[in-house]
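Just below is one structure, and these are the notes that go with it.
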Amino acid sequence: MALSAPVRPRHVLVVARWYPSHDVPARGTFVADLVAALVDQGLRVSVASFETVQPATADPVAVESLAAVEAAWAAAVRRPEALSRPRSWGVAGVPVARLPAVRTWVRGERIDVAEQAARHAGPLLAFGRALADRDPFDLIHAHTGLPDGLASAELADALRLPLLVTEHDSTLLRRLDQDPVALSHYRRLLGGRRRVVAVSEALATGLGARLDLEAPPDVLPNALPTGIFRPGPRQARDPDELLWVGARVSHKGTDRLLRAFALARRERPGLRLRAIGPSPGGDESWLALAEELGVRDAVSFEPAADRQAVAAAMRRAGLLVHPSPAETFGMVAAEALASGLPVAATPSGGVEGIIGRDGRAGELAAGMAPEALAQAILRALARRPSFDPQDLHDRVAQAFGPQVVATRVMAAYDALLEAGSLEAGRAAPPSLRASTPGSAPASPRPTTSTTKSGDRERVLIVARGASAAQRLARLPAVVGPAVSIL
């Protein structure tokens, strides 16, 4: 008897807050990398992402008006025009919907998980049901469980589709430890035709322990764009240039980086540090610390750069220094190795799985102290001539290359689809709104009515920042008077 062919998805809906946008083209590039890899395998992908909208006031009248705005938005996202095909961010040509999620949930460490997920689920349900009517999809793939996975579970239940959740969130384990309500809601993502995977062994192990699983979730890593990150000529490298690519913020280890660099420079005075990335709080405090440590003249702080520029920097540097204390994957380390650049890193979880512990790809610090990172830097520099750039590239390409990862993700899709339809009579898990005291009321069902100004339909636009407001001001006169900026 011939074996039946596996059930193959033809169209997948990816749900991800972390996806590139016009305003923030570098956010969630790891999700876009996977989307590109899946498209290259012949799969059609649509993306639903979110724009968080902050109400200006908690006044009851304003909240009542907000409900009307949400209803209008729900009607708008059902239209085919909700999907655009960006050319300069994300994956060129892949349709993306930017769905408005009104932020009413509590801020800080103890975020109201149900409220947050419900506010994302409202527009996602309106959009997803309409898309399924026009262009059915076979499976939903959410990136991060809270809130993307929970919101996607609502849509998956409504359409009776399987759901895959890839966990990336570096704050998740601490959150599950501190918030039993979040832990309870996360368990809703397990079982039936729902599956959770993690991007690294470290995250999978931690997640399995928190969820009391018999075995940790499977690992499906990020896809590495090896066509962009590749080795350059050996003679183009500057062996004394240390490189860090990432946000200059405390939780990424910037303080540790500068202190470790100052210690290493005592042993090798010719060293220089080049740091590329955003600095949300400004660089004044980091410049002051560099001055205090006596390395101000040897440190270069540069703004965020596009991937081509980062790849060029990685082909020029002598060593990547990765000071972060916690990483679920460590994309920068993988990009560096693909560029033929060895890595010295703190033991942050995901990075260990990328550079390994055999010394072939770099050096791991013995701990989190700046002294330990400085010693790892010096050890790696002492062995600098022994690192083979092509071997470094091949090491990560074989594990995280686009085709490799896409093949594994497609196999996970196949397994979910082959599980068949939901068991007859199995009740869907209760709605977030129905099961959680104090959660937000369900968004009003979208209607066919429209908001008018005179005899013209009004357009609701969410603008963020002064530059967005300036661009809106340049809209044609025929559109301008019909625009409301929230």
Side-chain angles (χ1 to χ4, degrees), residues 18 26-34 143-144 166-174 197-207 217 219-226 228-229 242-254 256-257 260 275-278 304 307 310-311 313-314 317 319-368 372-373 376-377 380 387 392-402 404-405 408:
W18 295 342
R27 188 183 194 202
T29 51
F30 48 86
V31 178
D33 291 336
L34 176 59
H143 290 266
T144 76
T166 294
E167 191 55 74
H168 304 259
D169 190 352
S170 61
T171 68
L172 176 67
L173 300 184
R174 183 177 72 251
V197 297
V199 291
S200 69
E201 293 286 352
L203 181 57
T205 299
L207 198 52
V219 174
L220 288 179
N222 291 330
L224 175 65
T226 50
I228 298 174
F229 297 95
L242 308 185
L243 178 67
W244 163 238
V245 179
R248 290 189 289 280
V249 289
S250 296
H251 70 267
K252 284 292 187 179
T254 305
R256 179 184 300 107
L257 171 68
I276 300 174
R307 280 183 140 182
V310 169
M314 288 178 169
L319 181 72
L320 179 84
V321 183
H322 200 299
S324 178
E327 293 287 342
T328 55
F329 184 73
M331 197 69 184
V332 172
E335 291 168 350
L337 296 180
S339 304
L341 180 65
V343 178
T346 52
S348 58
V351 173
E352 292 96 302
I354 291 173
I355 69 173
R357 297 181 180 276
D358 57 8
R360 286 175 50 198
E363 291 284 348
L364 281 172
M368 290 295 176
L373 181 56
I377 292 170
F387 293 109
L392 298 179
H393 175 88
D394 293 346
R395 180 188 185 96
V396 289
Q398 291 165 7
F400 313 122
V404 173
V405 174
R408 293 181 59 185

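Everything numeric in this text was worked out from a predicted model, so none of it was measured.
- With respect to Glu363 and Arg357, no salt bridge is recorded, no charged nitrogen being found less than 4.0 Å from a carboxylate O.
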### Task
Go through the steps to decide whether Val332 and Met314 satisfy the test side chain to side chain contact (heavy atoms under 4.5 Å, CB included), and finish with yes or no.
CA-CA 10 Å; Val332 172; Met314 288 178 169; 3.9 Å; yes

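- To the nearest 0.5 Å, atom CH2 of residue Trp244 and atom CD1 of residue Ile276 are 11.5 Å apart.
- Counting only distance, with no hydrogens or angles, the side chain of Thr328 and the backbone of Leu203 share no donor-acceptor pair below 3.5 Å.
- Although no hydrogens or angles enter the test, the distance criterion places no donor-acceptor pair under 3.5 Å between the side chain of Arg360 and the main chain of Ile355.
- Using a 4.5 Å heavy-atom threshold, the side chains of Leu337 and Leu224 count as separate.
- Ser339 contributes a side-chain N or O that, together with a main-chain N or O of Glu335, makes up a donor-acceptor pair within less than 3.5 Å.
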### Pair Val197-Val219, side chain to side chain contact (heavy atoms under 4.5 Å, CB included): steps then yes or no
CA-CA 6 Å; Val197 297; Val219 174; over 6 Å; no

### Query
Please walk me through it: do Phe329 and Val351 pass side chain to side chain contact (heavy atoms under 4.5 Å, CB included)?
CA-CA 6 Å; Phe329 184 73; Val351 173; over 6 Å; no

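- No side-chain donor-acceptor contact under 3.5 Å links Arg395 to the backbone of Ala338.
- For residues 341-354, no pair satisfies side-chain hydrogen bond (donor to acceptor under 3.5 Å, both in side chains), with sequence neighbours left out.
- Contact of the Glu167 side chain with the Thr144 side chain is registered, since non-hydrogen atoms from C-beta on lie closer than 4.5 Å.
- Inter-residue side-chain proximity for Phe400 and Ile354 is flagged as met; some heavy-atom pair is nearer than 4.5 Å.
- Rounded to the nearest 0.5 Å, atoms OG1 (Thr171) and NE2 (His251) are 9.5 Å apart.
- Within the 4.5 Å cutoff, no side-chain heavy atoms of Val405 are placed close to those of Asn222.
- Between the NE2 atom of His168 and the CD atom of Glu327 there is a distance of 13.0 Å, given to the nearest 0.5 Å.
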Only pairs under 3.5 Å count here: list side-chain donor-acceptor contacts from residues 26-34, not counting sequence neighbours, and write none if there are none.
residue	atom	partner	partner atom	Å
Asp33	OD1	Arg307	NH1	2.6
Asp33	OD2	Arg307	NH1	3.3
Asp33	OD2	Arg307	NH2	2.7

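- Of the possible donor and acceptor atoms, none in the side chain of Arg256 sits under 3.5 Å from a partner among the backbone N and O of Ser324.
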